[in-house]
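Below you'll find the structure, written out as structure tokens, and then a few comments.
Values in this document were obtained by computation on a predicted structure and should not be read as measured data. Numbered from 1 within each chain, the chains take letters A, B, ... in sequence-line order.
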Amino acid sequence: MERPTPTLDYRRKNKKRGGTSLWQDAFRRFIKNKYAILGLVILTFMILFAFIGPYFSPHQDVPDVTKANQPPSKEHWLGTDNLGRDVLLRLMLAGRISLTVGIAATLILLLIGVSLGAISGYYGGWVDVIIMRIADIIYAMPGLPILIVMGAIMSDLKIPPAHRIYYVMFILGIISWVGVARLVRSQILSLKEQEFMLATEVLGLRDSKKIIKHLFPNVLPTVIVAGTLGVASSIISESALSFLGLGVVPPTPSWGYMLSAANNMIDFAKRPWLWIPPGVAIMLTVLAINFVGDALRDAFDPRQKI
Amino acid sequence: MSEPLIEVKNLKKYFPIRGGVLQRTIGYVKAVDGVSFTINKGETLSLVGESGCGKSTVGRTIIRLYDKTDGDVLFKGIPIHSLKKSELRKLRPKMQMVFQDPFSSLNPRLRIGDAVGEALLDHGLVSKNELRDRVIEALEMCGLASYHIDRYPHEFSGGQRQRIGIARALILDPEFIVLDEPVSSLDVSIQAQIINLLMDLQQQKGLTYLFISHDLSVVEHISTRVAVMYLGNIVEMASRDELFDHPLHPYTQALLSAVPIPDPDLKRERIILEGDIPSPANPPKGCKFHTRCPFAKDICKEQVPEFRDVGGGHYVACHLV
Amino acid sequence: MARNIVEFRNLKTYFYTEEGVVKAVNDVSFSIREGETVCVVGESGCGKSVTALSLMRLIQSPPGKIVGGEIIFDGRDILKLSDAEMRRIRGNEIGMIFQEPMTSLNPVLTIGDQLMEPLMLHKHMTKKEAWNKAIELIKQVGIPRAEQIMTSYPHELSGGMRQRIMIAMAISCDPKLLIADEPTTALDVTIQAQILDLLRRLKEEKKMALMLITHDLGIVAEMADYVVVMYAGKVIEEAPVRELFKNPKHPYTRGLLKAKPVIGRRQERLYTIPGQVPNPIDLGDFCYFSDRCEYTMDVCRKKMPPFVADENGHKVACWLYEGEWKK
């Protein structure tokens, strides 16, 4: 029996890799990615900034009209708003809301979207038909009117402002799972056509093995990309909701709310300290999440070098 | 004569064609429309035919990758299509398959060692400690090296991937392997390596093959017996020598004469078939080949020819023989 | 002797990839005479398609680039022409058909539109003239019901029919050279036989030269007047077809001929060429077949063999024939 002679085989140059798993390889690729690390650093900073930062602030989040609309100074690094509240402190408090909403809404939308999409694609038949028709209906419904109706219902039910944020996350998750579900479904449908999925059947692998070792790692990149986009769009959607008075209610701040609060010409032209900081915060966070998402996607691709 | 390992009895596989908003069935593609044959222990039966003739569907239905529409498949007397899912799973290691496309037949995110060894582990046929040795043994048997075990599929060439696919099937110690066009996407020099490997393994392990191919020259090399398919039916079946020396069905004759032979001095009488293969969703009446047959008569348009033994195990379905 | 229609002179087409330079076509020279069928044969990645694409100037750049050599087509160096001049040659003086008849036709245009376009563009025909010519072409490539085909879309035709349409498009402007890149690889044998027959007939009728790229030695034997064998970006052997099959010289050519199972020639075991094609990245200066060759000598691993012709015009690049050169 002939053996391939590897004389000219460039692959021999590759370092020998021990019996590591895809996950370990992915981790090694991830930490070698400059952008990933940058993204992680920014994200960590943002989380610390939002959740720990307020404890170091000398100010209280209470109105003090005597100090309204002050530009940045030694005392108020980012100035004050029209009610005299410290913008830096509000930026940190708003970060809690925005980050929580962004990440939690994304987790909900991924949970619903991935599982329904996977079930739809994997089992097919009437299950698929039903799930996809529901998805069509949700997709066809205009999002904003529904949100307005839901906001009204929440107000009628006298849901305390502090709890509203959880409902906001839930609503955002509910209305945005459709896109992810479709992505995952089509990914699984195309995977099912691949001969290696047929091979798992011939080999008689258990369903759990098929899903965990063969389907899931190949759907993962799609999910990561969808998740990355989801966080960014949830943060932005939340600001739209808050602007309409459906999300968090004043005085609770969120980045989106702070942005939209500076919606008159005077604030915009004369008081940039009101809207530049939340804008930068949103931008940095979204950018960092995109870096991390891209790096994760590449990390799980064995074709990428370690 | 040796005992049959696989018996296929009047197997049919129809795929529904769906249409409309409600995805209702509006017709059937009769991919396999009643085929019967047996495969004896240790032999290689080849199924040849052009694309769309149903040869791959036969292969996949035999090992129940697809559920049958009608008929029966017996593996050592066990009716494959009547088994419960758990019973089928237990039987899986005995019936394996090697796929056509070396690029899509391996999970790009699974190491070779896992791809080859996972089924053994999943079926509880080996302990975790022994696994690595068994995988290396299988890889080496298929002409790969032990250091390949930790690599990913994209690091291999088409021929090597096909070896991995063979190792993956072989490690389960199967008795029967469906080879679905295993060499048709490989270059000539690599193709010869894989064919020799398959034939060596068959000898060493007493394997039984169903070899599915459109390449008659490869089929002639590897087969014990050959069955020629056209539009879901077997039109001729005989031992290798008999079929290639005395082809009886006009389709077999045309196929044989169409294969280019690497000899510029050889001048052959070539039968060039007119037209294309009809759609299996709407096959012609009577003998399905009559639309392209150069010798078709009136009877061919109306009556389906019987698939009968014309002597010495040479079966043919043609009115003119 | 007929004059050369195409002459490749030391053509070098490289691809600059992340991993390194791939010399897909590495110093290739051969020529095609008027009205002759030249088969370029080799395994995947040997550079046979890239050679043809270089002639058409269809190399994707980046990553590809023609870095050296000349391609003389009908007295002009193709590589020095302007893009506008090249467009006039493409489809007009050189026709090309590809392997995949499914993707080479535009799915949203009718067959008629796609056939008439080059006629109106290159031959300045009116719509009416182009229509009539297109119908004539469809009949020429052996498709019945030409009028009906004109208004059909590609998806309504079978693979074999589509390949016929591709051929009709390629010959529509009466090119002097037709390049066929694996024209039958995606087709069934009975359809392949039809297409090869058609190509042979059209070549005779139109007195075109045919550059047929294939990996199938059977097709070579049936179609070729002259054969060029490529391996890893190099031409390693070329000869008239009878000479090549009767007296193959390069161990690779011999190996290919022995490794292919042939109908009616039953043997116990196939001959195999061990190993696989070398990785094409950053190859050095030695015989690329040396690691798979059973006759390898020290010199093979150190120096590239020169490409030398014997008295019959049979050229080979192999150190085994060093003795003959001195004679």
Side-chain angles (χ1 to χ4, degrees), chain B residues 48-53 143 156-160 183-197 199-200 214-222 230 240-241 244-245 251 254-268 270-279 292, chain C residues 42-46 142 144 157-161 184 186-194 196-197 214-225 227 240-246 252 255-277 279 292:
Chain B
V48 287
E50 298 178 279
S51 49
C53 72
F156 295 88
S157 66
Q160 286 178 314
V183 296
S184 53
S185 56
L186 305 176
D187 280 319
V188 182
S189 71
I190 306 299
Q191 185 174 309
Q193 293 174 3
I194 300 293
I195 293 172
N196 281 352
L197 171 66
M199 292 179 83
D200 289 342
H214 66 273
D215 187 336
L216 284 144
S217 44
V218 173
V219 165
E220 185 181 14
H221 182 74
I222 204 170
Y230 187 78
R240 190 256 319 254
D241 291 356
F244 280 87
D245 294 341
Y251 179 63
L255 269 185
L256 280 169
S257 80
V259 180
I261 290 182
D263 180 354
D265 289 322
L266 190 78
K267 289 284 167 263
R268 285 181 299 165
R270 169 170 281 179
I271 310 166
I272 293 203
L273 292 179
E274 297 292 317
D276 290 313
I277 306 169
S279 155
R292 296 176 78 199
Chain C
E43 298 181 284
S44 42
C46 72
L157 307 182
S158 68
M161 296 264 262
T184 58
L187 305 175
D188 284 315
V189 266
T190 59
I191 311 296
Q192 165 172 297
Q194 295 172 357
L196 293 180
D197 233 41
T214 180
H215 66 275
D216 187 337
L217 289 159
I219 294 179
V220 175
E222 253 177 43
M223 301 288 291
D225 299 317
V227 188
V241 66
R242 284 215 164 70
E243 168 69 16
L244 188 98
F245 278 89
K246 216 168 59 196
Y252 175 66
L256 274 188
L257 281 167
K258 277 193 280 176
K260 188 182 156 56
V262 175
I263 290 223
R265 206 181 291 165
R266 275 160 226 161
Q267 46 191 344
E268 270 303 297
R269 214 179 148 71
L270 290 173
Y271 174 83
T272 63
I273 304 173
Q276 47 189 329
V277 179
N279 185 291
R292 300 176 74 185

Is it the backbone or the side chain of L273(B) that comes under 4.5 Å from a heavy atom of chain C, or both, or neither? both

How many angstroms lie between OG1 in T190(C) and CZ in R292(B), if you round to the nearest 0.5 Å? 4.0 Å

Inter-residue atom distance L187(C).CG - E50(B).CD, 0.5 Å rounding: 10.0 Å

Roughly how far, to the nearest 0.5 Å, is the CD1 atom of I191(C) from the OG atom of S51(B)? 8.0 Å

Side chain to side chain contact (heavy atoms under 4.5 Å, CB included) with S158(C): which residues, sequence neighbours excluded? D276(B), M161(C)

Check whether L216(B) gets within reach of chain C through its side chain, its backbone, both or neither, counting any heavy atom under 4.5 Å. both

So how far is it from I272(B) CD1 to Q192(C) CD, rounded to the nearest 0.5 Å? 10.5 Å

Shortest non-hydrogen contact between A193(C) and R270(B), atoms and distance: CB-NH1, 4.1 Å

Measuring only between side-chain heavy atoms, which start at C-beta, is V189(C) closer than 4.5 Å to H214(B)? no

For chain B, the option from G45(C), G264(C), G42(C), P144(C) that forms the most heavy-atom pairs under 4.5 Å: G264(C)

Which atom pair, heavy atoms only, marks the closest approach of D263(B) to A221(C)? N-CB, 3.3 Å

Heavy-atom distances under 4.5 Å only: say whether V220(C) touches chain B with side chain, backbone, both or neither. neither

Taking S257(B), P264(B), S279(B) one by one, which has the highest count of heavy-atom pairs under 4.5 Å against chain C? P264(B)

First locate atom CD of E43(C), then atom CG of L186(B), and finally report the distance between them rounded to the nearest 0.5 Å. 10.0 Å

Please classify the contact between D245(B) and chain C as side chain, backbone, both or neither, with a heavy-atom cut-off of under 4.5 Å. both

Give me the atom names and distance for the closest heavy-atom approach of I261(B) to I263(C). CD1-O, 4.2 Å

Honestly, the part of Q267(C) sitting under 4.5 Å from a heavy atom of chain B is both

Between the CZ atom in R265(C) and the NE2 atom in H221(B), the distance rounded to the nearest 0.5 Å is 13.0 Å

Option that, when pairs with chain C are counted at under 4.5 Å, heavy atom only, ranks first among A254(B), A258(B), S217(B): S217(B)

Under the side chain to side chain contact (heavy atoms under 4.5 Å, CB included) rule, collect the residues that match up with V188(B), sequence neighbours excluded. L256(C), A259(C), K260(C)

Okay, Y271(C) and chain B: the region with an atom under 4.5 Å from a heavy atom over there is backbone

Note, M199(B) side chain near L270(C) side chain (heavy atom, < 4.5 Å): no

Before accepting this row, confirm whether a basic side-chain N of the pair K246(C)/D265(B) lies closer than 4.0 Å to the acidic partner's carboxylate O. no

Contact summary for Q191(B) and P261(C), nearest pair of heavy atoms: NE2-CD, 4.4 Å

Tell me which of these, R266(C), R242(C), E222(C), has more heavy-atom pairs under 4.5 Å with chain B than the rest. R266(C)

